[in-house]
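Written below as structure tokens is the structure these notes are about.
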Amino acid sequence: MNIYDVLKKPIITEKAEALREKSIYVFEIDKRANKKMVSSVIEKIYGVKPVKVNVARTRGKTKTNRYGLGRTSSKKKAYVFLNKKDKIEIFEGV
């Protein structure tokens, strides 16, 4: 797996913004990625060393549409904890 395939996109929500003030960044990651992969990719791409990485899987929800029942896709998120002095530049000004 390529290092740019591990991190799909940053998650920018109200909860993620509140966590960012505490130096916790949230990313959507590939379903096959694990904590060590995410930690090494953050270090290579952004040049900051994470203190800790937590990973959470969210199952897709069942939804009703005009064709019957459907399901939203499952996702996997990574919570990246950094030191107070470290920042990821992509999030600044968002």
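Annotation: the span from Ile45 atom CD1 to Tyr4 atom OH amounts to 5.0 Å, rounded to 0.5 Å. A distance of 6.0 Å separates NZ of Lys8 from NZ of Lys31, quoted to the nearest 0.5 Å. To the nearest 0.5 Å, atoms CG (Asp86) and CD1 (Ile42) are separated by 11.5 Å. Taking CG of Leu19 as the reference point, atom CZ of Phe81 lies at 7.5 Å (rounded to 0.5 Å). How far CD1 of Ile3 is from CE of Met37: 12.5 Å, rounded to the nearest 0.5 Å. Here Tyr25 contributes atom OH and Ile12 contributes atom CD1; the two are 11.5 Å apart, rounded to the nearest 0.5 Å.
In this structure, the side-chain contact (heavy atoms from CB on, under 4.5 Å) partners of Asn65, at least two apart in sequence or on a different chain, are Tyr67. Residues meeting the side-chain contact (heavy atoms from CB on, under 4.5 Å) test with Lys22, sequence neighbours left out: Ile24, Lys84. Residues satisfying the side chain to side chain donor-acceptor pair (under 3.5 Å) criterion with Thr64, sequence neighbours excluded, are absent altogether.
Applying the salt bridge (charged side-chain N to carboxylate O under 4.0 Å, His left out) rule to pairs touching residues 32-41 yields Asp30-Arg32, sequence neighbours excluded. Pairs engaging residues 71-82 under the salt bridge (charged side-chain N to carboxylate O under 4.0 Å, His left out) rule: none recorded [sequence neighbours left out]. Among residue pairs with one or both ends in residues 46-68, those qualifying as salt bridge (charged side-chain N to carboxylate O under 4.0 Å, His left out) are Glu43-Lys49; sequence neighbours excluded.
Taking hydrophobic clusters as Ile, Leu, Val, Met, Phe, Trp and Tyr residues chained together by side-chain heavy-atom distances below 4.5 Å, Val55 shares a cluster with Ile88.
Closest of all the heavy-atom pairs between Ser23 and Asn83 is OG-O, 3.6 Å. Shortest non-hydrogen contact noted between Ala16 and Val26 is CB-CG2, 4.1 Å.
Between the Ser74 side chain and the Gly60 main chain, a donor and an acceptor come within less than 3.5 Å of each other.
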Checklist entry - Between Leu7 and Tyr46, is a side chain to side chain contact (heavy atoms under 4.5 Å, CB included) present by the stated rule, with each step listed? => result CA-CA 12 Å; Leu7 295 179; Tyr46 299 112; 4.0 Å; yes
Checklist entry - Does the side chain to side chain contact (heavy atoms under 4.5 Å, CB included) test come out yes or no for Phe27 and Val80, once each step is laid out? => result CA-CA 8 Å; Phe27 292 92; Val80 179; 4.0 Å; yes
